[in-house]
Amino acid sequence: MDLGQPDTNLVSELLLTAQYKSSIERYSTILNMVLEGVSLGEILHSLVLLIEAQKVGTRASVLLLSDDGKRLLSGAAPNLPSEYNDAINGVAIGPNVGSCGTAAHLQQRVIVEDIETDPNWIDYKSLPLKAGLRACWSEPIFDTDNRILGTFAMYYDTIKSPTEQDLHLIQEAARLASLAIERSRGLHLQRLSSKIFENLPIALVITNEQNAVLSANPSFIKSTTLYDYNNKTFDIKAYLQSSDQDLIDELFTFIHRGHSWVGELKGLKTVDDIIDIELVVTVIRDSLTQQNCYAWMITDISARKTAEKLIDFQNNYDQLTGLANRRYLFKKLQILINQSTAVHGQSQFSLMILDLDHFKQINDSLGADNGDEVLCRVGKRLLEIIPENSLPCRIAADEFAIVLPGNQTIEKLSVFAEQVKAVIGKEISISNELLSLSISSGFATFPNDASSAELILNCASQAMYNAKASGRNCYQFFNQDIQLEAERTAQLHFYLKKAISQNEFELYYQPIVDPISGKIIKAEALLRWSHDGKFISPDLFIPIAEQSGLIVEIGEWVKTQAVMTAIELKKRNLIIPLSINVSTLEFWSGDLQKRFLQYFDTVLETLSIDVFPYEMITLEITESLMMKQQSEVCEVLSLLRKRGIQISIDDFGTGYSSLSYLVNFPVDQIKIDKSFIQKLETDSRHNALVEAIVSMSNALDLTVVAEGVETQSQLDFVNQLNIPAVQGYFFYKPMPKADFLNLMLLN
Ligand code: C2E
Ligand code: CA
Ligand code: CA
């Protein structure tokens with residue numbers, strides 16, 4: 001506590017008149033000083049002088065208890081030598097620590113008539129003796145709760161015992177000191193709290209039941225224009241009018257019952273500036289008026305709320321499109337499921353999952369920025385057509401979802417799916433290119449298809465994958481078949497991963513013959529997988545291998561086996577080229593293209609051969625790979641072709657109608673798809689088509705292979721067109737390597 005510097009004028013004035021003062025006068029002198037706000041140091045100083053004036057030869061001192069209650073600190077001792085005061089300052093409270101230390105310790109008066117001989121001074125007596133002090137009487141100072149505040153001491157330079165009057169005087173001095181200390185401290189605290197009130201960065205206003213403002217701090221006055229400064233009134237209900245009505249009702253119910261209330265509301269900074277506030281209302285009973293008063297502590301939390309909103313946005317929304325994200329979708333599904341009231345046979349909501357077709361190609365060819373732009377436009381287009389109350393989301397790169405609440409029927413959903421197809425299908429112009437997008441989507445409905453958010457999402461995704469698998473640009477509804485299919489796929493994938501290491505693959509060979517002579521001129525290598533004693537069709541497992549990327553490793557295994565067979569054939573002087581099927585997925589990325597080429601460079605070492613039999617290998621690729629028109633793909637194939645490998649277009653006629661690639665692409669042969677051959681007998685238009693393909697191939701100098709010839713009449717037709725190579729069950733079915741080699745030796 002700040003004891004302040006004594007005011008010398010005031011002190012000398014007191015000193016002059018002190019001698020003549022009675023006990024009452026001394027009391028009122030001290031009380032006046034307290035009320036006038038004189039510092040405690042000055043008051044104690046005056047008190048000491050008053051007492052000293054009362055009894056000649058007295059030198060008095062006040063010591064104050066330290067904050068930790070363990071020591072005594074100088075309060076006032078204007079007439080004791082300063083060296084002595086310095087030595088005493090901070091003395092520990094305890095037994096035999098001079099008169100004052102002992103008095104504070106025992107909490108009772110200690111009278112020492114002769115310092116020289118008194119045991120209380122045994123360890124300290126040199127200090128007072130050097131200062132010429134011989135006797136010291138000390139009176140503890142207590143507060144109104146009887147806690148010790150310090151000591152008041154009277155010193156003499158001779159051995160002295162107190163008279164009855166002296167004892168009265170020292171007792172009175174201690175009481176006056178107590179009054180001064182307590183009152184000063186109280187006032188100090190009051191000033192401190194009012195300073196805090198004034199400078200508090202939180203708006204604080206105290207009102208009564210009639211909205212009269214009893215007190216308002218500057219922060220409050222600045223915080224709102226709704227405070228009527230002139231009339232000192234504050235209409236709290238008007239201030240809170242933009243808040244949730246239920247919360248306001250709760251607040252007033254609470255405070256009218258005398259309870260405090262804490263909560264977040266909206267406050268009016270001005271009539272049209274609403275801010276987020278945290279409000280703490282405390283009810284105080286005014287002892288004067290016997291009325292309830294309310295202390296309203298108002299903190300502006302707008303900044304925090306804005307930050308919270310931002311965090312909430314980042315957590316729940318997709319930055320790119322502004323649509324809800326996967327996390328939010330999940331929450332929404334959960335809420336809908338929790339709210340659902342099961343009405344028998346009625347759906348509660350449907351989930352649609354949409355995936356852009358071939359988005360990766362757009363991203364690869366136009367760049368990620370344009371890819372992002374495409375996604376934004378798709379998001380906007382969805383917003384244009386979605387029904388009210390539905391929630392559009394972006395849940396992965398090019399995957400969107402829409403939650404459609406309410407009872408959805410297949411008919412309603414189909415209409416909506418068509419609308420989506422139409423709006424997404426409109427051409428988009430991106431960096432001077434016109435793109436036409438398509439989307440594959442899947443629907444699942446709660447609770448008909450699944451009962452949890454996770455499963456619903458799963459079901460809709462499976463339906464969407466099914467739509468992709470059945471040619472894209474379409475939609476599918478989830479059903480049990482899709483479920484079974486998905487389970488089977490997952491299972492097959494699991495086993496497929498281990499098929500190479502478990503030796504479950506085998507390469508079969510299907511001869512390709514000259515239809516006139518019947519001689520075997522080529523053969524196609526076809527992969528066979530038998531798992532657990534059962535044969536699994538490549539039409540089933542190849543797509544799974546492609547989707548999972550396993551096809552790359554599998555493709556390399558197939559090539560190695562085929563090359564080994566080619567070498568064996570060559571050793572026996574049988575120059576029979578082998579066709580190897582290559583998946584488009586093996587050319588998916590630049591890395592894969594590099595790996596594909598590298599394979600041919602390293603296989604020599606793997607197989608410990610000197611010369612690779614390039615002329616014995618034909619690669620069968622599909623039209624879709626050619627359509628990619630990627631110069632990189634073209635480069636890889638041209639390079640291999642230069643080394644002697646032949647390139648054949650598989651399943652010709654089933655893919656795209658553009659034939660220009662045949663001119664530009666490094667191609668040697670086309671294979672007419674078996675679906676054409678098999679429809680020859682029933683559909684005359686197919687005859688025309690096959691005829692056209694053959695004459696075009698002849699013009700382009702490409703060899704033609706007819707695939708899937710099963711009957712004599714199909715063979716007759718093929719022969720009419722002078723097709724030079726035929727593959728089909730009519731001649732041979734695919735067979736194991738040993739059978740094929742035996743057959744070749746007989747050929
Ligand atoms: P693909 O390339 O069109 O292969 C020809 C398919 O037609 C083979 O079916 C073959 O057994 C079948 N086939 C041949 N002649 C006839 C016939 O007269 N009638 C009928 N109905 N079918 C005939 P497979 O072996 O079941 O292969 C199916 C598809 O799996 C292949 O179609 C090919 O796309 C893929 N595939 C097979 N092996 C491999 C491989 O090693 N790598 C890759 N990437 N794909 C492969
Ligand atoms: Ca083939
Ligand atoms: Ca084929």
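As the structure lists them, so they are numbered: ligands from 1, and atoms in each ligand from 1.
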### Summary
In ligand 1, the atoms that come under 4.0 Å of a heavy atom of E524 are 2 (O), 4 (O)

### Message
For D668, is there any backbone N or O sitting under 3.5 Å from a side-chain donor or acceptor partner on T703?
### Response
yes

### Message
As an exercise, identify every atom of ligand 1 less than 4.0 angstrom from a heavy atom of V558.
### Response
41 (O)

### Query
Relative to atom 45 (N) of ligand 1, which among T584, N581, V726 owns the nearest non-hydrogen atom?
N581

### Query
Can an N or O of Q727 be found at a distance shorter than 3.5 Å from an N or O of ligand 1?
no

### Query
Is any N, O or S atom of E524 under 3.0 Å away from the Ca ion (ligand 2)?
yes

### Task
Could you say whether the N/O atoms of E620 and ligand 1 ever approach to under 3.5 Å?
no

### Task
Tell me which one of L540, I677, I542 gets a heavy atom nearest to atom 36 (N) of ligand 1.
I542

### Task
May I ask you to list the atoms of ligand 1 that are less than 4.0 angstrom from any heavy atom of V709?
18 (O)

### Message
Is there a polar contact between ligand 1 and D673, counting only N or O atoms under 3.5 Å apart?
### Response
no

### Message
Judged on heavy-atom distance to atom 5 (C) of ligand 1, which of E707, K559, Q510 sits nearest?
### Response
E707

### Query
Taking only residues two or more places apart in sequence or in another chain, which ones pass salt bridge (charged side-chain N to carboxylate O under 4.0 Å, His left out) with E373?
R377

### Query
Within N581, is some N, O or S atom less than 3.0 Å away from the Ca ion (ligand 2)?
yes

### Task
Would you please classify the geometry between the F587 ring and the F596 ring as parallel, tilted or perpendicular, with 30° and 60° separating the classes?
tilted

### Query
Where the closest heavy atom to atom 41 (O) of ligand 1 is concerned, which of L527, L526, T622, D651 has it?
L527

### Query
E620: which N/O/S atom is nearest the Ca ion (ligand 2)?
OE1

#### Entry: Ligand-side contact atoms (ligand 1) for residue partner S583, heavy atom cut-off under 4.0 Å
44 (N)

### Message
Under 4.0 Å from a heavy atom of Q678: which atoms of ligand 1 are those, numbered in the order shown and with their elements?
### Response
19 (N), 20 (C), 21 (N)

### Task
Using a strict cut-off of less than 4.0 Å between a Lys/Arg side-chain nitrogen and an Asp/Glu carboxylate oxygen, indicate whether R488 and E485 qualify as a salt bridge.
yes

### Query
Are the side chain of S441 and the backbone of I353 linked by a donor-acceptor contact shorter than 3.5 Å?
no

### Summary
the Ca ion (ligand 2) -> D650, closest N, O or S atom is OD2

### Query
Would you say S451's side chain and P447's backbone share a donor-acceptor pair under 3.5 angstrom?
no

### Task
Would you tell me which option among Y729, F535, F731 has the nearest heavy-atom contact to atom 13 (N) of ligand 1?
Y729

### Task
For D318 and L320, indicate whether the former's side chain and the latter's backbone hold a donor-acceptor pair under 3.5 Å.
yes

### Query
By side-chain hydrogen bond (donor to acceptor under 3.5 Å, both in side chains), which residues pair with D372, not counting sequence neighbours?
none

### Message
Between L640 and L619, is there a side-chain heavy-atom distance shorter than 4.5 Å?
### Response
yes

### Query
Purely on distance, is any nitrogen or oxygen of R528 under 3.5 Å from one on ligand 1?
yes

### Query
Out of D398, I428, N473, which one pairs with L437 under the side chain to side chain contact (heavy atoms under 4.5 Å, CB included) rule?
I428

### Residue G728 vicinity, atoms of ligand 1 by number, heavy atom under 4.0 Å
15 (N), 18 (O)

### Task
Could you tell me which atoms of ligand 1, counted from 1 in the order shown, lie closer than 4.0 angstrom to a heavy atom of P734?
11 (O)

### Task
With heavy atoms of E710 as the reference, note each atom of ligand 1 found under 4.0 Å away.
17 (C), 18 (O), 19 (N), 20 (C), 21 (N)

### Task
Determine, for Y465 and K468, whether the Lys NZ or Arg CZ falls below 6.0 Å from the six-membered ring centre while staying within 45 degrees of the axis.
no

### Task
Classify the ring geometry between F541 and W529 as parallel (under 30°), tilted (30 to 60°) or perpendicular (over 60°).
perpendicular

### Query
Can D601 and R643 be counted as an ion pair, charged N to O under 4.0 angstrom?
yes

